[in-house]
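Heads up: the structure comes next, in structure tokens.
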2 protein chains.
Amino acid sequence: MTATQELTKNQSLVFNALARADGPLSAYTILDQLRNDGFRAPLQVYRALDKLLDYGMIHRLESINAFVACAHPHSHSHGHGMIAFAICEKCGQVSEFSDDIITGRVREWTNSNGFKQSKTTIEIRGVCANCGTA
Amino acid sequence: MTATQELTKNQSLVFNALARADGPLSAYTILDQLRNDGFRAPLQVYRALDKLLDYGMIHRLESINAFVACAHPHSHSHGHGMIAFAICEKCGQVSEFSDDIITGRVREWTNSNGFKQSKTTIEIRGVCANCGTA
DNA sequence: TTCGATATGTGATGTTATTACATTTGTCAA
DNA sequence: TTGACAAATGTAATAACATCACATATCGAA
């Protein structure tokens with residue numbers, strides 16, 4: 001699964017809601033936005049989110065219980081390598097980046113400690129350049 | 001604030017619950033453990049947790065909504081530097097480490113992007129050495 | 001001692017996520 | 001074509017996590 005058009009109806013609705021948002025959305029915010037499209041229950045959102053996470057099309061921000069569309073869907077640096085998120089606590093904007101050195105250092109620790117990593121979360125909370133100068 | 005004996009009654013109870021646990025605890029698990037000590041409401045736990053987080057005596061694990069006592073309370077590497085957590089999804093054990101190179105790379109990104117970081121979360125989910133070989 | 005800051009007690013409520021079960025839709029082979 | 005299985009969907013109820021609002025108590029410093 002790589003392309004948007006292969007998504008099911010609910011998956012497309014949820015993905016599009018995230019894609020058109022300018023920042024992360026909570027599951028219940030997505031639910032509210034999709035009421036007119038027939039959504040009635042949280043599970044309709046959560047099931048779609050689970051699949052979209054599987055497909056790598058969206059990310060979950062653990063520190064704020066919210067979801068964002070992947071900013072670099074065509075980048076090969078994703079899939080390998082860990083992704084870090086800088087989350088502005090003023091405006092909600094999220095910047096996504098990956099860093100091979102960080103990825104390498106984490107892998108060194110896991111290797112030397114026999115830890116099989118499945119998913120790694122790196123989230124930087126703070127104030128972005130725009131909000132900091134304003 | 002650095003020493004345990006300066007904590008208030010509720011803060012001590014919550015901290016001791018975390019200190020004697022062999023892994024992370026949720027706020028509601030702590031509440032249940034402290035019913036016999038007079039705890040009745042979630043807020044009693046959350047307020048103590050907030051202070052203990054301020055004091056740097058405990059950590060919050062964002063990816064599992066749980067809390068742990070700091071593993072290296074006397075280390076000067078804490079306070080500066082970011083702390084990473086490796087969380088075993090089998091046994092729940094948490095390993096805590098810090099890495100100056102990771103800290104440096106994150107700071108490089110935030111500096112060159114004008115991002116004022118306040119708190120950074122690094123959490124590695126997976127299976128620890130013990131559980132992986134078993 | 002009185003004032004302000006901090007801590008505590010308690011009920012209600014808000015927010016996030018899952019369980020359980022019924023039904024529908026899509027796919028594929030016989 | 002059909003029957004059978006997998007995947008997706010619909011819905012209600014409930015569980016798990018967190019905060020608000022307001023009252024009361026405790027402690028230290030002026």
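Just so we're clear, the structure is a prediction, and the values are computed from it rather than from any experiment. A note on names: the letters A, B, ... follow the listed sequences, proteins ahead of strands, and every chain is numbered from 1.
In the model, A:Glu96 has a side-chain atom that pairs as donor or acceptor with a side-chain atom of A:His59 under 3.5 Å.
Atom pair B:Lys9:NZ and D:dT26:C1' shows a separation of 12 Å (rounding to whole Å applied). Here the P atom of nucleotide C:dT8 and the CG atom of B:Leu31 are 15 Å apart, to the nearest Å. Separating the CZ atom of A:Phe67 from the C1' atom of C:dT16 is a distance of 9 Å, rounded to the nearest angstrom. B:Leu61 has its CG atom 17 Å from the C1' atom of D:dA16, to the nearest Å. Taking atom CZ of B:Arg47 as the reference point, atom C1' of D:dC20 lies 11 Å away to the nearest angstrom. With rounding to whole Å, A:Tyr55 atom OH is found 10 Å from D:dA8 atom C1'. Rounded to whole Å, the distance from CG on B:Asp50 to P on C:dA7 is 11 Å. Distance CG (A:Leu34) to P (D:dT9): 12 Å, rounded to an integer number of Å.
Position along DNA chain C of the nearest nucleotide to A:Ile64 versus B:Phe39 favours B:Phe39 as the more 5'-ward residue. In terms of position along DNA chain C, the nucleotide closest to B:Arg40 lies nearer the 5' end than the nucleotide closest to the other residue of the pair B:Asn65 and B:Arg40. DNA chain D is contacted by both A:Lys51 and B:Pro42; A:Lys51 maps to the nucleotide lying nearer its 5′ end (nearest heavy atom per residue).
When the shell of 6.0 Å around CG of A:Asp54 is examined, it contains more than 12 heavy atoms from other residues, nucleotides or ligands.
The pair A:Glu123-A:Arg60 does not count as a salt bridge, with every side-chain nitrogen at least 4.0 angstrom from each carboxylate oxygen.
For the pair B:Gln44 and C:dG9, the criterion of a side-chain N or O lying under 4.0 Å from OP1 or OP2 is met.
Considering only the side chain of B:Leu43, C:dG11 comes nearest among D:dT9, C:dA7, C:dG11. For B:Ser26, the listed nucleotide lying nearest its side chain is D:dC17; candidates were C:dT10, D:dC17, C:dA17. Residue A:Gln11 has its side chain nearest to D:dT9 when only C:dA7, C:dT10, D:dT9 are considered. Here the side chain of A:Arg60 is nearest to one of C:dA17, D:dA18, D:dA8, namely C:dA17. Comparing atom distances between the B:Ala41 side chain and each of D:dA18, C:dT10, C:dT16 picks out C:dT10 as nearest.
Annotation: the span from A:Ile102 atom CD1 to A:Thr120 atom OG1 amounts to 11.5 Å, rounded to 0.5 Å.
Remark: the B:Tyr28 side chain and the D:dA15 base include no donor-acceptor N/O pair separated by less than 3.5 Å.
A parallel orientation is assigned to the rings of A:Phe97 and B:Trp109, their planes being inclined by less than 30° (bins at 30° and 60°).
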